[in-house]
Amino acid sequence: MRIDNTPEQWGWMARALHWLVAGLVFVQLFLGWAAEREHDRERSFALIRDHYQFGVVLFGLMLMRALWRLSQSAPRPPDGEPRWRRLTAHGVHAMLYCLLITMPISGYIIWVHMHAPMEVFGLFTLPTVFTPPVEDETLRAGAWYVHYASGWFVVGLVALHIAAALWHLLAKDDGVFKRMVG
């Protein structure tokens with residue numbers, strides 16, 4: 001299998017980044033959900049700390065994925081694929097890319113406002129690029145609303161993406177699904 005994409009198939013780099021990001025999205029959704037529901041403050045903070053750290057990793061993977069995608073042509077759509085489905089697929093992917101890049105940024109803003117440790121898995125420490133105002137929670141509140149709402153949009157878009165992939169596999173059997181799994 002080639003590292004780069006061909007007109008018929010995604011290369012192994014695009015596949016690896018896709019599945020790493022997909023797995024981390026599910027981890028992130030679970031950690032965020034569990035942290036919000038945990039009543040024990042220490043356990044809740046441990047969950048949200050893991051959420052922050054995996055969010056940093058997800059941000060890095062999404063930047064890599066976006067740069068890789070910009071450097072590679074996508075496989076061509078199946079013969080006879082209607083324009084509206086191609087545009088819908090492009091739109092869903094574009095929204096996922098945007099959300100999975102902006103969500104870690106909003107999460108970072110929240111984390112800075114919490115005055116939480118910036119260390120990531122003991123490997124490195126992110127710099128604090130701004131000092132939150134002591135009396136003004138506006139930025140933190142705005143970032144939280146963006147983060148929370150974006151999470152629900154991601155849930156919906158991922159569900160739509162999975163449904164479309166399964167439809168291509170089970171109903172159409174047009175090879176679209178196989179291009180990402182081999």
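Basis for what follows: all heavy atoms, side chains included, without hydrogens, waters or symmetry-related copies. Bear in mind that the values here come from a model prediction, so they are computed numbers and not experimental data.
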J.: Can Trp10 and Gln72 be said to form a side chain to side chain contact (heavy atoms under 4.5 Å, CB included), step by step?
T.: CA-CA 9 Å; Trp10 295 101; Gln72 299 281 308; over 6 Å; no

J.: In the structure I gave you, are the side-chain heavy atoms of Glu119 and Tyr52 within less than 4.5 Å of one another anywhere?
T.: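 No - every pair of side-chain heavy atoms lies 4.5 Å or more apart.
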
J.: Where is the tightest heavy-atom contact between Asp4 and Trp68, given as atom of each residue plus distance?
T.: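 For Asp4 versus Trp68, the nearest heavy atoms are CA-CZ2, 4.0 Å.
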
J.: Give a yes or no on this: more than 12 heavy atoms of other residues, nucleotides or ligands lie within 6.0 Å of atom CD of Glu8.
T.: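 Yes, CD of Glu8 has more than 12 neighbouring heavy atoms, counting only those of other groups under 6.0 Å.
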
J.: Heavy atoms only: give me the nearest Gly32-His51 pair and the separation to one decimal.
T.: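 Taking every non-hydrogen atom into account, N-ND1, 3.6 Å.
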
J.: When you measure from the side chain of Trp19 to the backbone N and O of Met180, does any donor-acceptor pair fall under 3.5 Å?
T.: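 Flag set: sc Trp19 to bb Met180 pair under 3.5 Å.
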
J.: What class does the angle between the rings of Tyr148 and Trp144 fall in, given that below 30° is parallel, 30 to 60° is tilted and above 60° is perpendicular?
T.: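 Because their plane-to-plane angle is under 30°, the rings of Tyr148 and Trp144 count as parallel.
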
J.: Would you call the rings of Trp111 and Phe45 parallel, tilted or perpendicular, where under 30° means parallel and over 60° means perpendicular?
T.: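 Ring orientation of Trp111 relative to Phe45: parallel.
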
J.: Is Val181 linked to Val176 within one hydrophobic cluster, defined over Ile, Leu, Val, Met, Phe, Trp and Tyr using a side-chain heavy-atom separation of less than 4.5 Å?
T.: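 Val181 and Val176: separate clusters.
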
J.: Could you tell me whether the side chain of Asn5 and the main chain of Ser73 form a donor-acceptor pair under 3.5 Å?
T.: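 Side chain of Asn5 to backbone of Ser73, a donor-acceptor pair under 3.5 Å: yes, one is there.
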
J.: Do Phe59 and Leu67 land in one hydrophobic cluster if side-chain heavy atoms of ILVMFWY residues count as linked below 4.5 Å?
T.: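 Different clusters.
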
J.: Between Leu100 and Leu70, is there shared hydrophobic-cluster membership here, with clusters defined by ILVMFWY side-chain heavy atoms closer than 4.5 Å?
T.: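 They do not share one cluster, since no chain of ILVMFWY contacts under 4.5 Å joins Leu100 to Leu70.
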
J.: What's the shortest heavy-atom distance between Met64 and Leu17, and which atoms?
T.: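 So the two residues come closest at CE-CD2, 3.9 Å.
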
J.: Working to the nearest 0.5 Å, report the span between CG of Leu58 and CD1 of Ile101.
T.: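 Leu58 atom CG to Ile101 atom CD1 measures 9.5 Å (nearest 0.5 Å).
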
J.: Mark yes when over 12 heavy atoms from residues, nucleotides or ligands other than Arg83 sit less than 6.0 Å from its CZ; otherwise mark no.
T.: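 Atom CZ in Arg83 is not packed in, count stays at 12 or less.
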
J.: Quick one: do Leu63 and Leu126 end up in the same hydrophobic cluster if we chain Ile, Leu, Val, Met, Phe, Trp and Tyr together by side-chain heavy atoms under 4.5 Å apart?
T.: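 Looking at the clustering, Leu126 is in the same group as Leu63.
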
J.: Could you walk me through whether Gln28 and Leu31 pass the side chain to side chain contact (heavy atoms under 4.5 Å, CB included) check?
T.: CA-CA 5 Å; Gln28 285 297 83; Leu31 287 172; 3.8 Å; yes

J.: More than 12 heavy atoms of other residues, nucleotides or ligands under 6.0 Å from CZ of Arg43: is that the case?
T.: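 Open: at most 12 neighbouring heavy atoms sit under 6.0 Å from CZ of Arg43.
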
J.: With rounding to the nearest 0.5 Å, note down the distance linking NE2 in His93 to CZ in Arg69.
T.: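 His93 atom NE2 to Arg69 atom CZ measures 9.0 Å (nearest 0.5 Å).
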
J.: Hey, are the side chains of Phe121 and Phe54 touching, using non-hydrogen atoms and a 4.5 Å cut-off?
T.: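 They are in contact (side-chain heavy atoms under 4.5 Å apart), so the answer is yes.
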
J.: Does anything in residues 172-182 form a side-chain hydrogen bond (donor to acceptor under 3.5 Å, both in side chains)? List the pairs, not counting sequence neighbours.
T.: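 Every pair satisfying side-chain hydrogen bond (donor to acceptor under 3.5 Å, both in side chains) with a residue in residues 172-182: His168-Asp174, Asp173-Lys178.
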
J.: Measuring from atom CZ of Arg41 to atom CD1 of Ile48, what distance do you get when rounded to the nearest 0.5 angstrom?
T.: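 The CD1 atom of Ile48 is 12.5 Å from CZ of Arg41, to the nearest 0.5 Å.
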
J.: Distance from Ile105 atom CD1 to Ile110 atom CD1, nearest 0.5 Å?
T.: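 Rounded to the nearest 0.5 Å, the CD1-CD1 separation comes out at 12.0 Å.
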
J.: Kindly give the heavy-atom pair with the smallest separation between Thr128 and Tyr108, and that separation in Å.
T.: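 Result for this residue pair: CA-OH, 3.3 Å.
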
J.: Should Leu24 and Trp152 be counted in the same cluster of Ile, Leu, Val, Met, Phe, Trp and Tyr side chains packed under 4.5 Å apart?
T.: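 Yes, because Leu24 and Trp152 connect within a single hydrophobic cluster, where side-chain heavy atoms sit under 4.5 Å apart.
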
J.: Tell me, yes or no, whether the heavy-atom count around Phe153 atom CZ, taken from other residues, nucleotides or ligands under 6.0 Å, exceeds 12.
T.: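 Counting other residues, nucleotides and ligands, CZ of Phe153 stays at 12 neighbours or fewer.
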
J.: Looking only at heavy atoms, which two atoms of Ala165 and Phe177 are closest? And how far apart?
T.: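 Heavy atoms of Ala165 and Phe177 come nearest at O-CD1, 3.6 Å.
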
J.: Please report the interatomic distance CE(Met62) to CE(Met103), rounded to the nearest 0.5 Å.
T.: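 If we round to the nearest 0.5 Å, Met62:CE and Met103:CE are 11.5 Å apart.
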
J.: Which heavy atom in His147 sits nearest to a heavy atom in Gly107, and how many Å separate them?
T.: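 Where His147 meets Gly107 most closely, the heavy atoms are ND1-N, 3.4 Å.
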
J.: Find the distance between CD1 (Ile162) and CG (Leu169) and round it off to the nearest 0.5 Å.
T.: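 So the gap between those two atoms works out to 13.0 Å.
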
